[in-house]
Amino acid sequence: MKRKEKYIYRFGNRAVDGDESMREILGGKGAGLAEMTRLSIPVPPGFTIGTNACRHYMKQGCLPAEFDDEMAAAMDWLGRSVDRRFGDEQNPLLVSVRSGAVISMPGMMDTILNVGLTQGSLGGLAAQSGSLRFALDAYRRLLQMMGTVVLQIPKKEFDAVLDAARAREKVSTDSELSETALEDVVQLFNSAIFRYEEKILPQDPNEQLRLAIQAVFDSWGNERAEYYRRLQGIPDHLGTAVTVQAMVFGNAGWDSGTGVGFTRNPSTGSREMFGEFLANAQGEDIVAGTRTPLPIAALASKMPEVYAELASVVHRLEQHYRDAQDFEFTVEKGKLFLLQTRSAKRSGVAAVRIAVDMVDDGLISKFEAVTRIQPASIGEILSPQLDFSAGVPEVLTVGIAASPGAAVGRIVLSAEEAVRIAALPGSDPVILVSQETTAEDIHGMAVAAGLLTANGGATSHAAVVARGMGKCCITGAKGIFVDEIRGVMRVGDAVYSPGDWISLDASTGRVFAGRLPMCMPEEKNPTLDTILKWALDLKHLDVRANADTPVDARNARSWGARGIGLCRTEHMFFSTDRLPHIRAMILASNSDERRLALDKLLPMQQQDFEELFRQMSSLPVTIRLLDPPLHEFLPSLDEVKTELATVRKEGNQDAINRLLILSKRIQTLAEINPMMGHRGCRLSITYPEILEMQVRAILQAAIAVAEEGVTPNPEIMVPLIAGAEEMRWLRRKIDETATKIFEDCGVAVPYHVGAMIELPRAALCAGAIAEHISFASFGTNDLTQMTFGFSRDDSGKFLDSYVEQGILKSNPFVTIDREGVGSLIRIAIGQLRAANPAIVVGICGEHGGDPASIEFFSSLGVDYVSCSPARIPVAQLAVAQTAAIPIFDKESATQQLSEHFVG
Ligand code: ADP
Ligand code: MG
Ligand code: MG
């Protein structure tokens, strides 16, 4: 007989069926509640319906047949646990129905409180609690939540009723409404529901419960949940768990309340309990940001015993989970209950600080600390700040620094506008300004440069989402008012319209009118340095820099780059003092004339290389010979024709002749498809003088700095190699040139010659090429273009559709395509190492700085990755994070692969 599948897992009141290891089935919230029960932390009892029930529901459109019995038994147990009965009019059990996915999705799904309350049990609840007002408040919340979440009645129907009630009673918050006002509110909510449903809210508690559970399951499939999952890469099939839990009441009076908090400051990472508390309130009141809560520290004076217990409980949670926690709690008539705990979302600055502190405390290892830092956090820490060097302008208003960073952009007042404007080509950045944000605004938040809200605290929806996105955000800027009717933002008497510039300094919460300059953070972050130092200790392959200038090289060195993996010499030809010579070289009619022009460039190139060698001292400097097609150095035909027309008018015959030759040359050099044309090493074969000049500049520079006492380590890299014969020819040319230089100078320096592998043919013939080189570097940008057969610059027109349709998982120019391009690299490395075990293998090109690609390269056992200087810390971290992933060591990799590819 098939064993009955279990759907329900209890927790609380000393019973517990699950634990943290069952996250997949219990969801994050359910697992946390089970684990807290195990730790004897006070939680209201309840049970979690596993994700297996949701998957059944999604597939079959209904709950499993055997579910009802299990559910009835669980409700019976729950009632006994708290001495109440579900559906009892005198002593009703009320529950919350909470969603809880495996990976937390803040604000994405809807929790319903006070389920089980009916007109019939209102009196019972009032008698029990001694307050009819309280019972009415609980009931109007149930009507509101069931109305909006389950019955999908527009929220404004309910808001309007409350707005009117507050206005009538001249109070500013719902918690101040009188009993009679709440009686009216309940009446009006009932009729609102009736207007839409032609019936009132079901008065059978079991019917309410069933509707609520199904609504949670349905909410897994709603648009914003789907959008969030796509944003975060969470698979759709996981489903959500539902937790049904006995209610405790934070709205039971002023000795009650509800709060959320963090065991450490989520913006700075400092060791302080951080959070907010709202007295006489329930559930969503605090997150909704409609009433501004008290800082959690205020509890210490208001309810000292509760505060002390809370501090000790959350400290235990942090020790137990060995990570900063984000928790939710409720106080009912002075008694504390924890309702949720999870690993805290935090800013990049906080992430590194917390990781380093936890190593100091002996809670986690250095390796764990390194693996806990998201590579994106580094970008966030090193992201620009407002530049106050010219003085601090007048502050428009100050809010809560909810998610650090800085942003300058144009005001938009709705998420739709933000999305619309961001999609316009060349549009300026936008700042989304609103009274408060809700989960529906997430599209707009994703495209905005920064967020500013008038309401809410450090834990409001906007704050939580912004921190998750690493986006700068200021909340609770009470000085602003978003006037939705007029479509403007007001600060006192001043009016700002959409499109006006505004600047946010979210590290301090200051808002400025106008467009302030930005700058890179000056101070180095010492905790980030500690993390990166640990990362470097863990590294098993080097990170080099793609650097063309001495400034880049110095920058790279200061980040600990282990050499230059790619110096693109063509960038050195574009400056105004050099362009005339390179043009003269291109226009030369014979090789003598060409040499003459190149002789002018030689000392300049030599100087460039000397400076690079000095900056990198003994570290390798990989210099790529000229790569782009020559016409890139010439003006466009149109420009020449316009100039020709002018000089014709002047009758300057010399100039006319010069321009005629130039236009002729431009026409001969023009190519249908320059990417696949006369470029790379093909130039060196047809114009060996260029190669000779560059090799001379490199080696003479090496000789010159060697005399200063520097140990240069030049690596000459040949671009766009297609096969072994080509490489052999070029190697001979380079060696001959070197021999001549060493004879001329009377000294020799060591140098290496390598190939850039960026054509599929080179990857497939790498074994034969290996005989002529001592290093190989994969130019993954070109290799991706050539393998897919589309150019990076043109692919913008269709790649998005490929990713949207799921044909490609991601943009292959950002993250390496493991299947295709990756296979070529794997094959090539196998051949290279089999042919020459001492060969050095590297990656240059954009992918060298992409964490997901680095993980792949690391598994192939490359010796280094090279990326732009700004990406170096990210790459170093990513490299260290792969340290625990088993890479097959080089020896066995060589053996394994050689069996496949050589012989
Ligand atoms: P979310 O996932 O949006 O945070 P939760 O399920 O955590 O939703 O519920 C939101 C809030 O509702 C909780 O923080 C808590 O304040 C309140 N809540 C949920 N269940 C209960 C309960 N059993 N008793 C009292 N309050 C509850
Ligand atoms: Mg919660
Ligand atoms: Mg290339």
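Residues take their numbers from the sequence shown, with the count starting at 1. Remember, it's 1-based here, ligands and their atoms both numbered in the order they're listed.
Remark: side-chain polar atoms of E309 are not paired, donor with acceptor, to backbone N or O of L336 under 3.5 angstrom. No donor-acceptor pair under 3.5 Å is formed between the side chain of R264 and the backbone N or O of D323.
Aromatic rings from F158 and F189 are positioned such that their centres are separated by under 6.0 Å. The aromatic ring centres of F47 and F11 sit 6.0 Å or more apart.
The contact set between ligand 1 and T258, taken as ligand atoms under 4.0 Å from a residue heavy atom, comprises 16 (O). Residue-ligand proximity, Q340 to ligand 1, at heavy-atom distances under 4.0 Å covers atoms 4 (O), 7 (O). Heavy-atom proximity to T111, at under 4.0 Å, picks out these atoms of ligand 1: 5 (P), 6 (O), 8 (O), 9 (O). Each of the atoms 23 (N) of ligand 1 lies under 4.0 Å from some heavy atom of Q245.
Considering backbone and side-chain atoms together, L339 places no N or O closer than 3.5 Å to any N or O of ligand 1. Ligand 1 has a nitrogen or oxygen under 3.5 angstrom from a nitrogen or oxygen of K29. Checking only distances, A246 does come within under 3.5 Å of ligand 1, N or O to N or O.
Both the sub-6.0 Å distance and the 45° axial angle are not jointly satisfied by K59 relative to the ring of Y57.
Under the ring pair (Phe, Tyr, Trp, His ring centres under 6.0 Å) criterion, Y321 pairs with no residue at all, not counting sequence neighbours.
The side chain of E328, and not its backbone, has at least one atom closer than 4.0 Å to an atom of ligand 1 (non-hydrogen atoms only; side chain from C-beta on).
Within 6.0 Å of NZ on K155 lie no more than 12 heavy atoms contributed by other residues, nucleotides or ligands.
Separating the NZ atom in K29 from the OG1 atom in T243 is a distance of 7.0 Å, to the nearest 0.5 Å.
Partner of V242 under the side chain to side chain contact (heavy atoms under 4.5 Å, CB included) criterion, out of V97, T111, T51: V97 alone.
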Subject >> Criterion side-chain hydrogen bond (donor to acceptor under 3.5 Å, both in side chains) on N251 and D137, from CA distance to verdict >> reply: CA-CA 8 Å; N251 55 336; D137 187 51; 3.0 Å; yes
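Around the Mg ion (ligand 2), protein N, O or S atoms at a distance under 2.8 Å total 3; waters are neither shown nor counted.
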